[in-house]
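Just follow the structure's listing: the first ligand is 1, and inside any ligand the first atom is 1. Because the structure is predicted, anything quoted here is derived from the model rather than measured.
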Amino acid sequence: MHPAFQNAASAVPITFATKSTWETLAAALPEPARHFAKANAFTGKPGQYLALPAADGSLAHVLFGIEDQAGAWRDLFRPGQLPGLLPAGTYRFANAPHDTRLAALAFALGSYRFGRYKKNDAPGAKLTPPDGIDMIEISRMAKAATLARDLINTPANDMGPEELAQAAQALADKFGAKFSCIVGDDLLKQNFPLIHAVGMASTRAPRLIDIAWGDASHPKVTLVGKGVCFDTGGLDLKPSSGMLIMKKDMGGAANVLALAQMIMDAKLKVRLRVLIPAVENAVAGNAFRPLDVFKSRKGLNVEIGNTDAEGRLVLADALALADEEKPDLLIDLGTLTGAARVALGPDLPPFYTDDEPLAADVARHAHAENDPLWRMPLWMPYDSWLDSKTANLNNAPGGAFAGSITCALFLKRFVESAKSWLHVDIYGWTPSAKPARPEGGECQAARALYKLLSERYG
Ligand code: BES
Ligand code: MN
Ligand code: ZN
């Protein structure tokens, strides 16, 4: 089980209240507790927390406000605030929150703190597993979120292409998967020109990570994750404000590793392949330049409109490789555009696919897991925006419009034989803490996709 969960004979009860259920709940409390709650102005408003003392002053009972049943919107992760509020100890749900399964998951997700460089005040509150909930599944998801968050939160000086490859290898080893890696100039010899071009200016060699797992006769599911360990923007350098959190630019890689961990742990009936182009987009005399042209793995000549549109370049070569074995399902995740944030904000990543049943399944599972994703179109009328006067296509169309869509259309040029393709333009970061989502690196899309895959291949 995840460390946030603990069985205990005596656990402090947590009662969930809303503005409309509070009166009834209060009436059932012992009189001193009712008076104490009233004196402390507890009304059951969302996020409100009150510890009720026993006669001897010890902690007897916890009250916690959640959104009203009648409200138009309820944060099903609201109980994820509890680990940050409760003193160390073991607790249990005394009544049902809006969604007990998601509440338990939120409790575990909200217990996360990044403690690599500072002794942190990791929450000491534990939850007794609620009845009737598959705690193995909840723990699997929460552990995967920890993996993704730890990888993203680790700063670039300790999470370069090599360290990212080591993390991938550790995961592969844990599940007996095959691991291989093409490093540095070998990328040129084995025809990955774009991955090499983006990564060559760093003193830390670019590489392509390749993990394979599972029965070769099972359906082929291939995951590709953008592993830009730091994105300076290259020669078209980012301003300091834009560069600040670019250690998170390997968020796609972190999330495909989190997804792979869940798939392998649950032994889904797939032949899994994970591809991660791991590079640092750095500045040096040998950096790739605006208007350079590179012949990609697929053979398309790509003109560089902007060296800051590097994610789609490294993904293009990785997608081309993935596509060569005609996978049944090809999924890529990456922190690709600021434009996706302009459209939908940090918490709602757009996804793209031409596979209608897949789109419906993604939307359904994203909703059910509270791992929100929103479909945007592969809008072919904009495809010509990728045209280049010099080469087959340009990586950064001029004009400021529809940047997440044109990025998706760029990637689409490199996928031809996969039976089905899904692209998710994630943010991988929570800018300010929300229930179950501490500030910093975030697991996005992995839980929804895991549930989709386990429904199809479980
Ligand atoms: N890693 C960035 C995208 C990004 C920026 C994600 C900020 C989240 C927050 C990506 O490599 C990038 O720089 N994209 C450019 C593309 C443009 C030059 C066409 C962008 O979005 O500005
Ligand atoms: Mn960039
Ligand atoms: Zn980037």
Legend entry - Contact (N/O only, under 3.5 Å) between K226 and ligand 1: yes
Inset, instruction - Go through the side-chain N and O atoms of D68 and T18 and say whether any donor and acceptor fall under 3.5 Å apart. - result: yes
Legend entry - Spacing of CZ belonging to R364 relative to CD belonging to E455, to within rounding of 0.5 Å: 4.0 Å
Legend entry - N-O pairing of E442 and K434 below 4.0 Å: no
Legend entry - Charged N-O contact under 4.0 Å between R78 and E67: yes
Inset, instruction - Would you please say whether a donor-acceptor pair under 3.5 Å links the side chains of D328 and Y457? - result: no
Legend entry - the Mn ion (ligand 2) - name of the N/O/S atom of D231 that sits closest to it: OD2
Legend entry - Nearest heavy-atom neighbours spanning P123 and P83: CB-O, 3.2 Å
Inset, instruction - Check each of E310, M246, M250 against atom 5 (C) of ligand 1 and report the one with the nearest heavy atom. - result: M246
Legend entry - Closest protein heavy atom to atom 15 (C) of ligand 1, given as residue, atom name and distance to 0.1 Å: D308 O, 3.9 Å
Inset, instruction - If you have a sec, read the angle at the Mn ion (ligand 2) from E310 atom OE1 over to D308 atom O, to 10 degrees. - result: 70°
Legend entry - Atom indices of ligand 1, in the order listed, that fall short of 4.0 Å to a heavy atom of K238: 2 (C), 12 (C), 13 (O)
Inset, instruction - Give yes or no for whether the N/O distance cutoff of 3.5 Å, strictly under, is met between A339 and ligand 1. - result: no
Legend entry - Rounded distance (nearest 0.5 Å) linking atom CG of D210 with atom CZ of F179: 9.0 Å
Legend entry - Gap separating the CG atom of L358 from the OG1 atom of T353, nearest 0.5 angstrom: 4.5 Å
Inset, instruction - Look up atom CZ in R297 and atom NZ in K295, then write down how far apart they are to the nearest 0.5 Å. - result: 12.5 Å
Legend entry - Minimum heavy-atom distance P87-A125, with the two atoms named: O-CB, 4.0 Å
Inset, instruction - Provide, to 0.1 Å, the distance between atom 21 (O) of ligand 1 and the closest protein heavy atom, together with that atom's residue and name. - result: G338 N, 2.7 Å
Inset, instruction - Report the part of Y427 (side chain from C-beta onward, or backbone N, CA, C, O) that has a heavy atom under 4.0 Å from ligand 1; answer both or neither where that applies. - result: side chain
Legend entry - Value rounded to 0.5 Å, distance of CE in M262 from CZ in R447: 7.5 Å
Legend entry - Within reach of ligand 1, part of L336 (heavy-atom separation under 4.0 Å): backbone
Inset, instruction - Mark up the atoms of ligand 1 that fall under 4.0 Å of a heavy atom belonging to K248, in ascending order. - result: 6 (C), 8 (C), 9 (C)
Inset, instruction - Within a distance under 4.0 Å of any heavy atom of D231, pick out the atoms of ligand 1 and give their elements. - result: 1 (N), 2 (C), 10 (C), 11 (O), 13 (O)
Legend entry - Around the Zn ion (ligand 3), number of protein N/O/S atoms which are nearer than 2.8 Å: 4
Inset, instruction - Look at D383 together with R413 and state whether they make a salt bridge at an N to O cut-off of under 4.0 Å. - result: yes
Legend entry - Under-4.0 Å heavy-atom contact with ligand 1, by part of D249 that carries it: side chain
Inset, instruction - Mark the output for R312 as yes if a heavy-atom distance to ligand 1 is under 4.0 Å, and as no if none is. - result: yes
Legend entry - Gap separating the OG1 atom of T232 from the CG atom of N281, nearest 0.5 angstrom: 5.0 Å
Legend entry - Ligand-residue contact atoms, ligand 1 with N306, heavy atoms, under 4.0 Å: 18 (C)
